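Taking it in order: structure first as structure tokens, then the write-up.
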Number of protein chains: 2
Amino acid sequence: MIVTVTPNPALDITYRVERLVPGTSHRVEDVTERAGGKGVNVARTLRCLGYAVLATGPVGGPAAAAFVADLAAVGIDTAFVPSPEPTRRSVAIVAGSQATLFNEAGHEVPESVWADLEAVVSSRCGRGDVVVVSGSMPTGAPVDLVARLTRAAGTAGAMMVLDVRGEPLARSLPLRPAVVAPNAEEAHETTGLANPVSAGRALVAAGAGCAVISRGAAGLVAVPPAGPALCARLPKPLAGNPTGAGDALKAAVAARLDGLPTVPDDPVWWSDTLRAAVAWSGAVVLQPVAGVADPTDVARLAGEVVIGPCP
Amino acid sequence: MIVTVTPNPALDITYRVERLVPGTSHRVEDVTERAGGKGVNVARTLRCLGYAVLATGPVGGPAAAAFVADLAAVGIDTAFVPSPEPTRRSVAIVAGSQATLFNEAGHEVPESVWADLEAVVSSRCGRGDVVVVSGSMPTGAPVDLVARLTRAAGTAGAMMVLDVRGEPLARSLPLRPAVVAPNAEEAHETTGLANPVSAGRALVAAGAGCAVISRGAAGLVAVPPAGPALCARLPKPLAGNPTGAGDALKAAVAARLDGLPTVPDDPVWWSDTLRAAVAWSGAVVLQPVAGVADPTDVARLAGEVVIGPCP
């Protein structure tokens, strides 16, 4: 089973307007609202492509029940931890192809909530399971939160996939997460190395089982447990909505790892995994809504992925 | 007693950001959230300046309880009617002195909710009370809703102050509301007359007891039941936040009418009322938050108001 942890979930509100004119008033007829956050997007993509997934994280406030119901409605199992602080909002103003985002930072959550979250990981995970921790930390979250979750997953025998940045990532590396999957900017920020291959090697040297670094439309770079660094990409960038494309990449890696005892070092397994990661990512770009992917797009794009040792 | 009716209340969410850059992502640390809508602002100003007030309108969805609690916390009595539809939001992005607003249109509310709202007006109002109906109508609201509320107030012996526009205002005029108080643009839209004095006379001819038309920083125009049209303004415009200034004007008129059997035609009463209306309005401009007014500002500004027959 795959468990996605979203430490800082958000209620994603989308307003579609004809034009955004700063300093004026806009009447908004087209409003959509859904449970969001990076870990939630990972769960959505997994579910969309037929995988069983359990989503967790802290939720609270008046929107908590609707947040959880929104995920349950699409068949995602949920084990969210009640928080006394309201779940933050993220407002996207979409005008044509332009999106302007306002992400609330999130409230400080009491320590007991983080202890409950750790307990969910400990109690719901076992050998062969995969835990994915994704996204930002709310204001005031303990800097070792992700390390604690990594330890809990490891103790339970599950593999950890991390999509977090900065200090929370750095503190988790000694606990040997199976996969770290920051984007190129985050990897640079964490390691100080601008070249993604060098940054990936540094992350592996610091304790990660392997590193998969996304570079947006330029594809991804992987530093596997053995063999050379691999680069994978589509022959040409796709037009569409890139929101959630990075999350789909982590979803694909988690899906490939699910049920395995450890991260394989077989180059063929890696090649297939990176092919899936790029294809899942691309399929999400082709959809207007984050987290959604069409299996026929995945199948078609998988045939187009270009993979090889990084130049 | 004064009753404020807000047919289309909104949860007002304010995001303060350094700069609004369309097409980019903004992390928002400064979030405020409060019960809003024009009638709610009228109630806030009345309460702020020491008047007892009952606020009503439809509320629903996860935020309903917090919406009502927010008003109760400042001493406003509430008799909101439960709606199966969630209360809309209004998001203001404030960057320095620039505000960019996104107002959700609001959901269609079932007829039973409007019947309940009419019943609140009928049961809570009596002779000498004042009812203020303010603001937009939600999508799909019956076009005669305001007329029905005006009839209910009239039957109960209460005076009606209307701050609504277009067809809902036009349909209410035959029911002889005590005061209609649109802004100049709304009066123009309803009567087809660009000159506010002419528009005010047309509204009175169509059934209103009197018309008080706001012209923003240029002050107001009143067409009282007897005597010449009066113009009132501050000697120079105030710098500040004009949100809620128009609502404060209606609040002042309602406060002056409260407890009277009918709208007086005494020119001295009118002069005092317009002086109060301009001063309340100005005091709200001086505050950063809509609906709030400092009584010392009101007292000082009242001494500065220039009133006389319109040129």
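Residue numbers begin at 1 in each chain, while the letters A, B, ... track the order of the sequences. Since the structure is predicted, the reported quantities are computational estimates derived from the model, not experimental observations.
Contact of A:Y15 with chain B is made through the side chain alone, with heavy-atom distances under 4.5 Å. With a 4.5 angstrom heavy-atom cutoff, A:A99 touches chain B only via backbone atoms.
With a 4.5 Å cut-off on side-chain heavy atoms, A:I13 and B:R89 count as touching.
Heavy-atom proximity under 4.5 angstrom to chain A picks out B:V17, B:L20, B:V21, B:P22, B:G23, B:T24, B:S25, B:H26, B:R27, B:V28, B:E29, B:V31, B:E33 from residues 17-41 of chain B.
Atoms OG1 and CD1, on A:T100 and B:I93 in that order, are 9.5 Å from each other to the nearest 0.5 Å.
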